[in-house]
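As structure tokens, the structure follows; a few thoughts come after it.
Scope of the values below: all heavy atoms of this structure, side chains included, with no hydrogens, waters or symmetry mates.
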Amino acid sequence: MELKFNDNYAKVYGDKYTDKMNYLAKVIMEYETGEDNFNVFNFEAGLGKSLTVNKVLLECVFDWDIKKKFLIVKRFNEESLKSLDFIDGGFVQNSIAITHENWKDWQYKLEDLQSQKIIFISHQRYISLCENDELREAFTKKRDVLIIDEKVNFPVYTYNDFRYTNIFSILPDGLRESLMKVCKPLNEFIERQKTLKNTNKVFTHKFKIHPATLRNFTNEIQVALDNNTISNLDERTTITNFVNELQLFYSSQCIYNSGNISTHNPKHKHWGLNNNIILDASAGIDGVYSCNPPKFYLINQSRIVDHSQCKFNIIKFNSSKTKVNTYSEQYFSEMAQRIIENKKDNDKVLVVGHKDFAEKIHEQLILLHDENDIWIDKRDKKNDKDYGDQSIAISWYGNLIGKNWAENFTQVWLISTPNISIEQYLIHYLHYSDKEIGNKSTEIIKGRYKNTMFNDIQRGYIASEMYQSLKRIQRVAIPKGEFFITCEDEEVINMILSQFKNATVTNEIELDFVKQLQEEKEKQKELRKQERHENRKPDQVDLFIEHIMTLKKGKYKKSDIASELSITKLNRVLTDVRTKSLLNVKLKIHTREIEVIR
């Protein structure tokens with residue numbers, strides 16, 4: 001299958017681009033990996049890999065001689081619907097996108113799925129199919145090619161004091177004693193680690209509980225749900241999820257850190273067909289694939305898009321969630337000011353950080369800019385408004401990959417790093433390696449794992465999330481945008497910039513409030529030093545030097561000076577660095593005398 005391209009990428013980069021895209025088409029149509037292996041391609045973000053897949057599928061839809069059937073996994077349902085519209089257009093009824101809306105019908109006619117040449121599903125449905133062999137069989141039976149668009153992030157389940165308190169508040173009084181019993185091993189473990197002050201350590205643990213205790217609690221909760229004792233829909237969902245996850249905390253390997261116990265569902269792992277492809281732009285820097293090389297084979301793709309006309313600004317600040325929250329008021333105020341100062345009239349600006357920071361930066365921006373010209377991404381997908389051509393848009397990590405509404409924006413600001421709780425990186429290892437931690441070191445040094453593989457996963461996760469967010473803008477053949485990256489980890493910065501061909505750092509920015517804090521710190525340090533000096537009691541060296549300074553030129557017996565000043569160990573005084581600084585300037589030292597020379 002030879003595809004034709006006449007887009008701007010093809011015009012600017014010619015065969016470098018078209019050869020890559022046709023190679024992808026060849027892999028889709030001709031390669032075979034086997035069910036347990038995946039070819040991973042790291043085509044750079046925005047290059048058109050999803051469009052190429054759609055072109056291949058379009059050819060297959062209208063060519064009845066092609067018997068292959070496809071399962072396509074998109075990050076979000078809306079992306080599935082867009083692709084379906086591209087290849088189907090409402091005319092050919094042999095492709096389907098399974099969404100929340102139509103699943104109500106399709107779940108009762110699973111056999112009809114086999115007649116569909118192409119099925120689109122979301123990442124979330126792919127994960128849910130890990131847990132149900134029968135449903136998975138319905139989606140995969142007599143199907144040939146699996147294409148996963150973007151990295152799959154499997155769920156991490158976490159238990160801590162906050163979660164226990166929340167569940168306790170929801171349950172009626174009659175169930176709270178059972179909750180205390182079933183959570184006792186977890187709560188006692190957390191309290192013990194707090195007593196031992198194990199706040200900066202990460203380690204594995206397997207929890208045990210008597211099966212009857214867990215079973216009784218589960219049965220009691222089910223009765224309460226059946227009787228509508230817990231009637232609120234959100235609370236029912238919260239309790240149901242909690243009960244299901246308790247099974248995992250008492251059966252799977254857990255990772256502890258700073259009051260958090262995290263674990264995973266061992267069923268959550270990649271499953272495939274005869275030919276499996278993962279398209280992940282940041283696969284070359286994300287360490288999860290390298291922890292299981294037999295399963296994930298990285299077919300590395302060189303970068304071709306020239307970013308030499310772009311500006312890359314590095315804001316030197318530790319923008320972890322904890323650090324930003326420490327200086328929240330000063331930080332968001334200054335970042336908002338800098339965003340507005342750097343925004344020209346024709347600019348469209350994307351601001352990305354943790355979801356918790358969206359409202360904080362919005363509050364500061366509306367003090368400086370028209371509120372109607374600032375959009376916050378949809379927190380409520382059903383009721384919030386879509387992006388409406390505002391010149392400033394605010395979004396967050398985990399909500400942008402796979403979406404292209406900001407592709408023509410001219411600036412992007414990453415106002416924080418996408419750190420997650422440090423134990424969760426090990427859960428990602430469990431997801432992708434299909435192994436337990438074993439005796440591998442989980443030691444942390446300056447916030448990073450000592451173990452090379454875990455460190456690669458940690459730094460790779462941060463760098464890949466930031467790279468993917470930066471590439472939401474300027475998805476054109478010759479980008480000319482401006483990129484602002486708030487980060488002080490040079491290794492992460494280098495990993496990010498390595499994904500942009502011909503990228504160079506244009507400017508390094510130091511925040512004003514950070515400089516003020518540093519100046520104040522130095523000032524306080526100097527004051528403390530001065531106070532110590534002023535409050536220090538004179539010692540024998542001070543007394544000796546003060547006495548020498550009053551003497552006239554001449555020689556004086558050591559014994560007389562020692563006696564007069566009550567110095568018991570004169571040799572120590574004479575070898576002190578303060579005394580030595582006066583040698584050949586004010587005095588000379590002889591065997592039995594001290595000579596004042598001026």
Side-chain angles (χ1 to χ4, degrees), residues 127-136 154-196 198 201-269 271 421 423-424 426-427 429-431 433-439 442:
I127 294 169
S128 67
L129 290 175
C130 294
E131 305 171 21
N132 192 314
D133 296 342
E134 183 181 349
L135 275 183
R136 188 168 68 253
F154 294 100
V156 176
Y157 304 105
T158 298
Y159 178 90
N160 49 34
D161 289 344
F162 176 82
R163 192 164 188 204
Y164 173 78
T165 303
N166 183 44
I167 299 298
F168 190 90
S169 67
I170 293 173
L171 292 180
D173 291 342
L175 290 174
R176 289 178 175 176
E177 186 175 347
S178 294
L179 175 69
M180 288 187 280
K181 286 181 181 178
V182 80
C183 293
K184 185 177 180 181
L186 303 173
N187 291 338
E188 287 184 346
F189 183 84
I190 291 174
E191 286 306 312
R192 184 161 63 251
Q193 302 315 314
K194 288 180 180 178
T195 302
L196 295 172
N198 285 333
K201 293 183 179 180
V202 177
F203 49 89
T204 63
H205 191 79
K206 281 202 171 182
F207 291 93
K208 295 180 180 180
I209 192 172
H210 195 288
T213 304
L214 186 56
R215 185 170 59 250
N216 292 340
F217 177 73
T218 302
N219 292 338
E220 289 177 26
I221 291 295
Q222 191 58 54
V223 170
L225 294 173
D226 293 342
N227 294 338
N228 235 23
T229 306
I230 305 169
S231 57
N232 180 277
L233 184 60
D234 289 339
E235 291 182 349
R236 289 172 66 88
T237 301
T238 298
I239 293 300
T240 301
N241 290 340
F242 178 72
V243 172
N244 292 336
E245 292 169 33
L246 271 180
Q247 309 284 340
L248 300 175
F249 289 114
Y250 287 117
S251 61
S252 304
Q253 185 173 47
C254 295
I255 317 292
Y256 175 83
N257 172 251
S258 298
N260 290 328
I261 299 171
S262 293
T263 193
H264 74 306
N265 187 339
K267 291 183 178 181
H268 288 166
K269 57 181 67 177
W271 49 266
S421 297
E423 80 281 355
Q424 292 190 19
L426 299 190
I427 303 297
Y429 170 82
L430 296 178
H431 286 147
S433 69
D434 296 335
K435 301 174 185 175
E436 292 199 339
I437 303 298
N439 60 1
T442 58

With rounding to the nearest 0.5 Å, note down the distance linking [atom1] in [X] to [atom2] in [Y].
X: I239; Y: N244; atom1: CD1; atom2: CG; value: 11.5 Å
X: C254; Y: I427; atom1: SG; atom2: CD1; value: 7.5 Å
X: I209; Y: S251; atom1: CD1; atom2: OG; value: 11.5 Å
X: T240; Y: E245; atom1: OG1; atom2: CD; value: 11.0 Å
X: L233; Y: I230; atom1: CG; atom2: CD1; value: 12.0 Å
X: I255; Y: T204; atom1: CD1; atom2: OG1; value: 6.0 Å

Keeping [X] on the side-chain end and [Y] on the backbone end, is there a donor-acceptor pair under 3.5 Å?
X: N232; Y: E235; answer: yes
X: N227; Y: T229; answer: no
X: R136; Y: L129; answer: yes

Run the side-chain donor-acceptor check on residues 164-175: report pairs under 3.5 Å with partners two or more places apart or on a different chain.
{"unit_1": "T165", "atom_1": "OG1", "unit_2": "D161", "atom_2": "O", "d": "2.9"}
{"unit_1": "S169", "atom_1": "OG", "unit_2": "N166", "atom_2": "O", "d": "2.6"}
{"unit_1": "D173", "atom_1": "OD1", "unit_2": "R176", "atom_2": "NH1", "d": "3.2"}

Exercise. Scan side-chain atoms only and decide if H264 and Q253 contain a donor-acceptor pair under the 3.5 Å cut-off.
Key: no
TODO: Output, in order, the C-alpha distance, side-chain angles, deciding distance and verdict of side-chain contact (heavy atoms from CB on, under 4.5 Å) for T218 and Q222.
DONE: CA-CA 6 Å; T218 302; Q222 191 58 54; 5.7 Å; no
Closest non-hydrogen contact found for S252 with T263 is CB-OG1, 3.3 Å
Exercise. Search all heavy atoms of T158 against all heavy atoms of S262 and return the closest pair with its distance.
Key: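 Heavy atoms of T158 and S262 come nearest at OG1-OG, 2.8 Å.
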- Parallel, tilted or perpendicular: which fits the ring planes of Y256 and F203, with parallel below 30° and perpendicular above 60°? tilted
By side chain to side chain donor-acceptor pair (under 3.5 Å), K267 pairs with (sequence neighbours left out) none
Please say whether more than 12 non-hydrogen atoms of neighbouring residues, nucleotides or ligands are located less than 6.0 Å from [atom1] in [X].
X: K435; atom1: NZ; result: no
X: E177; atom1: CD; result: no
X: H205; atom1: NE2; result: yes

Between E423 and K201, is there a salt bridge with N-O shorter than 4.0 Å?
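Looking at K201 and E423, the cut-off is not met.
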[X] side chain near [Y] side chain, heavy-atom distance below 4.5 Å:
X: P155; Y: H268; result: yes
X: I190; Y: Q193; result: no
X: P266; Y: L248; result: yes
X: Y250; Y: L246; result: yes

Query - Residue pair N228, R236: steps toward the side-chain contact (heavy atoms from CB on, under 4.5 Å) verdict - result: CA-CA 9 Å; N228 235 23; R236 289 172 66 88; 3.1 Å; yes
Evaluation steps, side-chain contact (heavy atoms from CB on, under 4.5 Å), between F154 and N265: CA-CA 9 Å; F154 294 100; N265 187 339; over 6 Å; no
Would the Y157 and F249 ring centres measure less than 6.0 Å apart?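 No, ring centres 6.0 Å or more apart.
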**Message:** If you take the centroid of each ring, where Trp contributes its six-membered ring, are Y429 and H431 closer together than 6.0 Å?
**Reply:**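 Ring centres of Y429 and H431 not closer than 6.0 Å.
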Listing, residues 178-188 side-chain donor-acceptor contacts under 3.5 Å, not counting sequence neighbours, or none:
{"unit_1": "S178", "atom_1": "OG", "unit_2": "E220", "atom_2": "OE1", "d": "2.7"}
{"unit_1": "S178", "atom_1": "OG", "unit_2": "E220", "atom_2": "OE2", "d": "3.3"}
{"unit_1": "N187", "atom_1": "OD1", "unit_2": "Y159", "atom_2": "OH", "d": "2.6"}

